[in-house]
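First comes the structure, then the notes that go with it.
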Amino acid sequence: MTSDTVTTAARGAEGASALFERRFGRAPAVIASAAARVNLIGEHTDYNGGEVLPIAIARRTYVALGTADGSASHAVSATEKGEGSFDARRPARGGGWWDYLAGVVHELEAAGTAVPQLAAAVWSDVPAGAGLSSSAALEVATGAAIETLIGEGRSLKEMALLCQRAESQFVGVACGIMDQFAAALGREGHALHVWCDTAETEHVPMHDAVLIFDTAVPRSLRGSAFNTRRAECDAALALLRERDPELRTLADAEPEFVRQAGLPDTLARRALHVSEETRRVRATVTALKAGGSLPGPLLLASHASLRDLYECSSPELDWFVERAMKAPGVGGARLTGAGWGGCAIAVGGEDALNAAAPEIARDYEARFGRVPRVWLTRAHAGGRVDVSPTR
């Protein structure tokens with residue numbers, strides 16, 4: 001098991017710089033990075049106007065950047081296959097990993113920012129497809145690097161909103177704002193409470209350790225039922241508004257109102273999850289502000305709702321939650337991220353989590369024939385500029 005309490009900043013910036021020099025034959029002008037995230041509670045509420053409670057973790061994506069000659073931008077990655085190429089003046093989606101960079105450029109251009117042709121090198125220790133929001137980390141790091149390169153002055157919050165548009169409108173994943181907000185605005189020792197309908201945020205002290213368990217079951221939001229779930233939620237909201245035209249968001253609907261609305265069964269289950277999950281976020285924030293630990297029973301209730309009402313769990317995720325709860329000192333567990341594979345978390349005492357992790361990993365491999373990635377994490381910082389250009 002590895003620990004995310006040790007920063008990867010030095011090797012991350014060095015790795016991005018070295019890759020840039022190998023490919024482009026010179027040093028980068030700027031290096032920026034952004035964090036992966038783990039959502040403590042509040043799943044599938046962000047795009048429904050609800051509340052979420054993620055933390056940024058130490059795993060990061062670094063983007064080394066410079067300008068490029070000619071009529072195309074070029075991007076290479078230490079972990080992704082293929083070299084990307086796109087026109088920064090007219091970015092078009094190509095279906096490759098570099099669409100996330102091109103999408104940020106597209107949104108900057110749409111906002112009136114002229115972006116030169118770019119040379120980019122990406123280094124990351126965020127596992128793709130694990131539910132830790134590798135895409136948001138890449139987008140925010142790209143945006144911060146471009147802004148620094150050309151001397152623009154957007155805040156990290158403004159950049160997070162721009163990057164969310166890049167993913168939802170350019171790449172085509174109908175995500176909410178949580179991932180980009182956590183990647184950009186995370187703070188060491190704090191969870192980030194986000195009101196997704198208003199984009200308001202507050203930092204909540206959160207000093208617990210969290211065990212992350214990557215099931216090694218990859219999933220892509222482009223290929224999963226994610227967009228289907230979002231359409232179901234939109235349909236549920238439309239029907240609820242027939243009963244209450246003043247209802248602003250699905251998350252605003254009280255659970256009892258949803259139960260009595262007579263929605264079709266599938267839509268009722270989706271809406272009830274969103275309603276109850278948002279209220280679990282509020283209860284968790286209250287517990288943290290009172291000085292307590294993360295409330296395990298709320299995490300378990302969240303997982304049960306994701307499994308039964310939202311139907312986005314998997315046999316591997318369900319197995320982990322059940323197995324983790326048998327370990328001494330573990331207080332709660334749930335899937336994290338969108339589901340359909342990826343990661344789960346467990347909370348409890350740090351010593352208990354350290355003791356439980358190797359046995360759970362061995363049992364998992366014996367049961368599913370997959371080698372999980374497991375590590376402890378705490379709340380870390382979000383987006384930042386690691387190397388600034390000399391002006």
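Because only heavy atoms are used, hydrogens play no part in the values below, and waters and symmetry mates are left out as well, while side chains stay in. Just so you know, these numbers come straight off a predicted model, no measurement behind them.
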Query - Over all atoms of both residues, closest heavy-atom pair of R279 and A253 - result: NH2-O, 3.5 Å
Query raised in the report: Are I150 and F86 linked, directly or through other ILVMFWY residues, by side chains that come within less than 4.5 angstrom of each other?
Result: yes
Query raised in the report: Heavy atoms, side chains only, cut-off 4.5 Å: are V194 and D46 in contact?
Result: no
Report task. Look up atom CE in M206 and atom CZ in R187, then write down how far apart they are to the nearest 0.5 Å. Result -> 14.0 Å
Query raised in the report: Which pairs pass salt bridge (charged side-chain N to carboxylate O under 4.0 Å, His left out) with one or both residues in residues 297-311, sequence neighbours excluded?
Result: R269-E311, R270-E311
Query raised in the report: R370: what forms a side chain to side chain donor-acceptor pair (under 3.5 Å) with it, not counting sequence neighbours?
Result: none
Query raised in the report: Have T336 and N39 got a donor and an acceptor in their side chains that come within less than 3.5 Å?
Result: no
Requested in this report: Run the numbers on E51 and R282 for salt bridge (Lys or Arg N to Asp or Glu O under 4.0 Å), then give the verdict.
Outcome: CA-CA 8 Å; E51 299 169 36; R282 297 171 186 169; 2.8 Å; yes
Query raised in the report: In terms of the angle between their ring planes, are F226 and H44 parallel, tilted or perpendicular, with boundaries placed at 30° and 60°?
Result: tilted
Query raised in the report: Sub-3.5 Å donor-acceptor pair from the side chain of S133 to the main-chain atoms of S135, do we have one?
Result: no
Query raised in the report: Does the side chain of T249 pick up a donor-acceptor pair with the side chain of D197 at under 3.5 Å?
Result: no
Requested in this report: Answer whether the closest heavy-atom distance between the side chains of L65 and I31 falls below 4.5 Å.
Outcome: no
Query raised in the report: Nearest heavy-atom pair of A35 and A381: which atoms, and what distance?
Result: CB-O, 3.4 Å
**Report entry** Matching residue for V347 among L353, L299, L211, D208 - test: side-chain contact (heavy atoms from CB on, under 4.5 Å)
**Finding:** L299
Query - Set of side chain to side chain donor-acceptor pair (under 3.5 Å) partners for K289, sequence neighbours left out - result: E202
Report summary line: Residues P255 and E276: closest non-hydrogen pair is CG-CG, 3.9 Å
Query raised in the report: With a distance cut-off below 6.0 Å to the six-membered ring centre and an angular limit of 45° from the axis, does R60 pair with W123 as a cation-pi contact?
Result: no
Report task. Any pair with a residue in residues 319-334 that passes salt bridge (charged side-chain N to carboxylate O under 4.0 Å, His left out), sequence neighbours left out, goes on the list, sorted by first then second residue, please. Result -> E43-R334, E277-R334, R323-E359, R323-D363
Report task. Check A119 against F20 and note the closest heavy-atom contact, atom names and distance. Result -> O-CE1, 3.2 Å
Query raised in the report: Can you say whether the rings of F213 and W319 are parallel (under 30°), tilted (30 to 60°) or perpendicular (over 60°)?
Result: tilted
Report task. Please name the pair of heavy atoms, one in I41 and one in L298, separated by the smallest distance, quoted to 0.1 Å. Result -> CD1-O, 3.7 Å
Query raised in the report: Closest heavy-atom contact between C233 and Y47?
Result: SG-CE1, 4.5 Å
Report summary line: Distance col, row L40:CG vs I345:CD1, nearest 0.5 angstrom, shows 5.5 Å
Report task. Quick one: pull up CD in E254 and OG1 in T278 and give me the separation to the nearest 0.5 Å. Result -> 10.5 Å
Query raised in the report: Looking at side-chain heavy atoms only, is the closest gap between Q117 and D69 below 4.5 Å?
Result: no
Requested in this report: Walk me through it: do R362 and E365 pass the test salt bridge (Lys or Arg N to Asp or Glu O under 4.0 Å)?
Outcome: CA-CA 5 Å; R362 285 194 297 268; E365 184 177 359; over 6 Å; no
Query raised in the report: Between S71 and R89, does any side-chain donor sit less than 3.5 Å from a side-chain acceptor?
Result: no
Query raised in the report: Excluding sequence neighbours, so at least two apart, what forms side chain to side chain donor-acceptor pair (under 3.5 Å) with N48?
Result: none
Query - Residues V52, W195; criterion side-chain contact (heavy atoms from CB on, under 4.5 Å); working and verdict - result: CA-CA 7 Å; V52 293; W195 287 264; over 6 Å; no
Requested in this report: Tell me, with the steps shown, if R90 and E109 meet salt bridge (Lys or Arg N to Asp or Glu O under 4.0 Å).
Outcome: CA-CA 9 Å; R90 292 175 295 277; E109 292 279 356; over 6 Å; no
Query raised in the report: For V140, what are the other residues in its hydrophobic cluster, where any two members join if their side-chain heavy atoms are less than 4.5 angstrom apart?
Result: none
